[in-house]
Amino acid sequence: MPLTEDARLDRYMDKLKSAIRSALRRGDSFTRYGNNQFLVLLVGIRQENCEITQSRVSNCFLKLWASEEKVSIRYEVYPAAEDE
């Protein structure tokens, strides 16, 4: 179920921002996209290898919330350009 309580959502999004920042490689970038989403651009990675970054983000996020309630992150992966 998506979070709807603004104060809780803001806390989680701040922690997720920290997790994304620490999990990305140099050259990758991200931005907050709406109140409950981040848009992440992974440079020089094949779509099937995005799971590695997803795992790093999830692990960093879970470490920040080790003693807190259970939450999950939903990922969707789309290519920014088609392979030639």
Side-chain angles (χ1 to χ4, degrees):
M1 303 242 6
L3 287 175
T4 56
E5 184 184 321
D6 288 340
R8 284 180 59 208
L9 180 60
D10 285 342
R11 270 196 352 242
Y12 285 120
M13 293 303 284
D14 286 343
K15 296 294 184 182
L16 182 55
K17 179 180 177 180
S18 296
I20 293 170
R21 180 179 288 126
S22 65
L24 293 186
R25 304 163 301 158
R26 187 173 307 165
D28 295 336
S29 58
F30 73 101
T31 188
R32 190 158 175 179
Y33 184 74
N35 68 337
N36 64 351
Q37 298 177 52
F38 282 96
L39 178 63
V40 179
L41 179 63
L42 304 175
V43 178
I45 189 171
R46 298 188 60 78
Q47 187 171 350
E48 56 269 11
N49 294 330
C50 291
E51 255 183 59
I52 296 167
T53 303
Q54 291 175 358
S55 178
R56 286 197 312 254
V57 170
S58 293
N59 289 337
C60 289
F61 184 74
L62 291 175
K63 285 179 187 176
L64 293 170
W65 288 101
S67 63
E68 298 291 326
E69 60 192 89
K70 186 165 177 80
V71 296
S72 63
I73 303 168
R74 191 180 91 196
Y75 298 93
E76 292 185 28
V77 178
Y78 301 98
E82 293 296 323
D83 290 336
E84 293 181 22

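Only a predicted model underlies this, so the values are computations on that prediction, with no experimental measurement involved. These numbers come from the heavy atoms of this one structure, side chains and all, not from hydrogens, waters or symmetry mates.
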Please round to the nearest 0.5 Å and tell me the distance separating atom [atom1] of [X] and atom [atom2] of [Y].
| X | Y | atom1 | atom2 | answer |
| --- | --- | --- | --- | --- |
| Arg21 | Ser29 | CZ | OG | 12.5 Å |
| Asp6 | Arg8 | CG | CZ | 11.5 Å |
| Leu41 | Phe30 | CG | CZ | 12.0 Å |
| Thr31 | Phe38 | OG1 | CZ | 8.0 Å |
| Ser22 | Lys63 | OG | NZ | 8.5 Å |
| Asp10 | Asn36 | CG | CG | 10.5 Å |

Taking the side chain as C-beta and beyond, is there a heavy-atom pair between [X] and [Y] under 4.5 Å?
| X | Y | answer |
| --- | --- | --- |
| Val57 | Leu16 | yes |
| Leu39 | Arg32 | no |
| Tyr78 | Gln47 | no |

Check whether [X] and [Y] end up in the same hydrophobic cluster, where Ile, Leu, Val, Met, Phe, Trp and Tyr are linked by side-chain heavy atoms less than 4.5 Å apart.
| X | Y | answer |
| --- | --- | --- |
| Met13 | Tyr75 | yes |
| Val77 | Ile52 | no |
| Leu9 | Phe61 | yes |

Exercise for the section: Please list, chain by chain and in numerical order, all residues satisfying side-chain contact (heavy atoms from CB on, under 4.5 Å) with Asp28, sequence neighbours excluded. Expected result: Leu24, Arg25, Leu42, Val43
Handout entry: Ile45 backbone acceptor or donor facing Asn49 side chain under 3.5 Å
Key = no
Exercise for the section: For Gln37, look at atom CD and say whether over 12 heavy atoms of other residues, nucleotides or ligands are found less than 6.0 Å away. Expected result: yes
